[in-house]
*Asks:* 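Have a look at the structure that comes next, please.
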Amino acid sequence: HFIKNRTPERILVIENECGQTNVDGALIMDGVEDIVELTAGCLCCSLADGLLDILEEVHRQRAAYDRVIIETTGIADPSSIVQVFLENPAVEKVFELQQVICLADAGHVTEWLEEAEEALRQVSVADVLLVNKVDTVEEEPLNRTLKALSGINPHAFIIEGSFGIFPIDQIMAVGTTKAETVEYIKHA
C-alpha cells in the first residue's frame with residue numbers, strides 16, 4: 001500500500017528474511033526500483049556484514065533512488081539498526097533516518113508483548129505504531145490493546161487500520177527519529 005501510494009517515487013527496499021524462503025519479497029510489486037534481500041539471518045544481528053555494505057552500495061547508486069526502506073521482519077530488534085543511522089558518522093552524513101514504524105496485529109500484539117522481548121523493543125522504539133486488523137477485534141479488547149501500546153511508548157503516534165491500509169500522508173507527517181531514541185534504546 002505504501003509503495004503504490006508513493007508512485008512515482010523510486011524506492012529501494014532492503015528486505016530482511018529470517019529463513020531460506022522469502023515470503024515478503026513476493027508481496028512487493030510495481031513501484032519498487034530494486035529489492036535487496038538478506039536471507040542469511042536477522043539483519044539486526046549482522047549489521048557489520050550486511051547493512052553497512054548495502055548502504056555503501058546504495059550510496060554509490062544514490063541517483064537511482066528517491067527513498068530507501070528497510071523491512072526488518074517481525075522478529076528483529078530495530079535498536080541496532082537505528083544506532084547505525086544515528087551513531088555512525090559515515091552513514092549519518094549521507095542518510096537521514098526518518099521513522100521507525102512498527103506494524104502490530106490488533107488481535108495478537110498483547111500476547112506477543114508478553115512472550116517476546118523483541119516485540120516489546122519494537123513497540124518501545126517506534127515513532128509510529130500501525131495497529132492493523134482493528135476490524136477483527138471487539139471495541140473493549142481493542143481499547144485495552146491501544147492503552148497497553150500507549151503505556152509502553154507514550155510518544156508513538158498510533159494509527160489504526162485494516163487490511164494493511166493506513167493513511168500514508170498521516171504516517172509521513174509524523175516527526176523524525178531523534179538521537180534521544182538511541183539513548184532510550186541503550187537503557188531499555
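Atom set for the values below is all heavy atoms of this structure, side chains included, hydrogens, waters and symmetry mates excluded. These numbers come from a predicted model, not from an experiment. This chain uses plain numbering: 1 for the first residue, then up along the sequence.
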*Asks:* Same cluster or not: Ile81 versus Leu86, using hydrophobic residues (I, L, V, M, F, W, Y) connected whenever any side-chain heavy atoms lie under 4.5 Å apart?
*Replies:* yes

*Asks:* Val82 and Leu97: which non-hydrogen atoms are nearest, and at how many Å?
*Replies:*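 Of all heavy-atom pairs spanning Val82 and Leu97, the closest is CG1-CD2, 4.0 Å.
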
*Asks:* So do Phe166 and Glu160 actually touch side chain to side chain, heavy atoms under 4.5 Å?
*Replies:* no

*Asks:* Quick check on the hydrophobic clustering: are Val131 and Trp112 connected, directly or via other members, by side-chain heavy-atom contacts under 4.5 Å?
*Replies:*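 Different clusters.
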
*Asks:* For a quick test of reading the model, state the closest non-hydrogen atom pair linking Gln99 to Ile171 and the distance between them.
*Replies:*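 Scanning both residues completely, I find the closest heavy atoms to be NE2-O, 2.6 Å.
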
*Asks:* Quick check: do Leu129 and Ile101 have side-chain heavy atoms less than 4.5 Å from each other?
*Replies:* no

*Asks:* Between Arg121 and Glu118, is the closest basic N to carboxylate O distance under 4.0 Å?
*Replies:*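 Judged by the 4.0 Å cut-off on N to carboxylate O distance, Glu118 and Arg121 do not form a salt bridge.
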
*Asks:* Do Ile11 and Arg6 come within less than 4.5 Å of each other through their side chains, counting heavy atoms only?
*Replies:* yes

*Asks:* Can you name the nearest heavy-atom pair linking Asp135 to Ser162, along with the distance?
*Replies:*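 Taking every non-hydrogen atom into account, OD1-OG, 2.8 Å.
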
*Asks:* Is there a chain of hydrophobic side chains (I, L, V, M, F, W, Y, each step under 4.5 Å between heavy atoms) that links Val128 to Ile165?
*Replies:* no

*Asks:* Would a 4.5 Å heavy-atom cut-off, applied to side chains only, mark Arg67 and Arg10 as touching?
*Replies:* no

*Asks:* Phe2, Leu130: one ILVMFWY side-chain cluster at the under-4.5 Å cut-off?
*Replies:*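 Linked, Phe2 and Leu130 end up in one cluster.
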
*Asks:* Going by heavy atoms in the side chains, are Leu12 and Ile69 under 4.5 Å from each other?
*Replies:* no

*Asks:* Find out whether Val13 and Ile70 are in side-chain contact, i.e. whether some heavy atom of one side chain is under 4.5 Å from a heavy atom of the other.
*Replies:* no

*Asks:* Start with the C-alpha gap between Tyr65 and Glu9, add the side-chain angles, then the distance that decides, and say whether side chain to side chain contact (heavy atoms under 4.5 Å, CB included) holds.
*Replies:* CA-CA 8 Å; Tyr65 310 109; Glu9 192 172 44; over 6 Å; no

*Asks:* How long is the span from the NZ atom in Lys4 to the CD1 atom in Ile168, to the nearest 0.5 Å?
*Replies:* 12.0 Å

*Asks:* Rounded to the nearest 0.5 Å, what separation is found between the CD1 atom of Ile14 and the CG atom of Leu55?
*Replies:* 5.0 Å

*Asks:* Which atoms form the tightest heavy-atom contact between Asn132 and Phe163, and what is the distance?
*Replies:* OD1-N, 3.4 Å

*Asks:* Output the distance between atom CD (Glu56) and atom CZ (Arg60), rounded to the nearest 0.5 Å.
*Replies:*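 Spacing of CD (Glu56) from CZ (Arg60) equals 4.5 Å.
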
*Asks:* Please find the pair of heavy atoms, one from Asn153 and one from Ser124, that lie closest to each other, and give the distance.
*Replies:*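 Smallest interatomic distance, heavy atoms only, reads ND2-O, 3.2 Å.
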
*Asks:* Looking at every heavy atom in both Leu142 and Ala106, which two are closest together, and how far apart are they?
*Replies:*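 Minimum heavy-atom separation between Leu142 and Ala106: CD1-CB, 4.1 Å.
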
*Asks:* Any chance you could measure Leu149, atom CG, to Thr110, atom OG1, to the nearest 0.5 Å?
*Replies:* 8.5 Å

*Asks:* Roughly how far, to the nearest 0.5 Å, is NZ of Lys133 from CG of Asp105?
*Replies:*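 Here the rounded value is 4.0 Å.
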
*Asks:* If you count the non-hydrogen atoms of other residues, nucleotides and ligands that lie under 6.0 Å from CD in Glu117, is the total more than 12?
*Replies:* no

*Asks:* Could you tell me the separation between the CD atom of Glu96 and the CD atom of Gln98, rounded to the nearest 0.5 Å?
*Replies:*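 The distance works out to 5.0 Å.
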
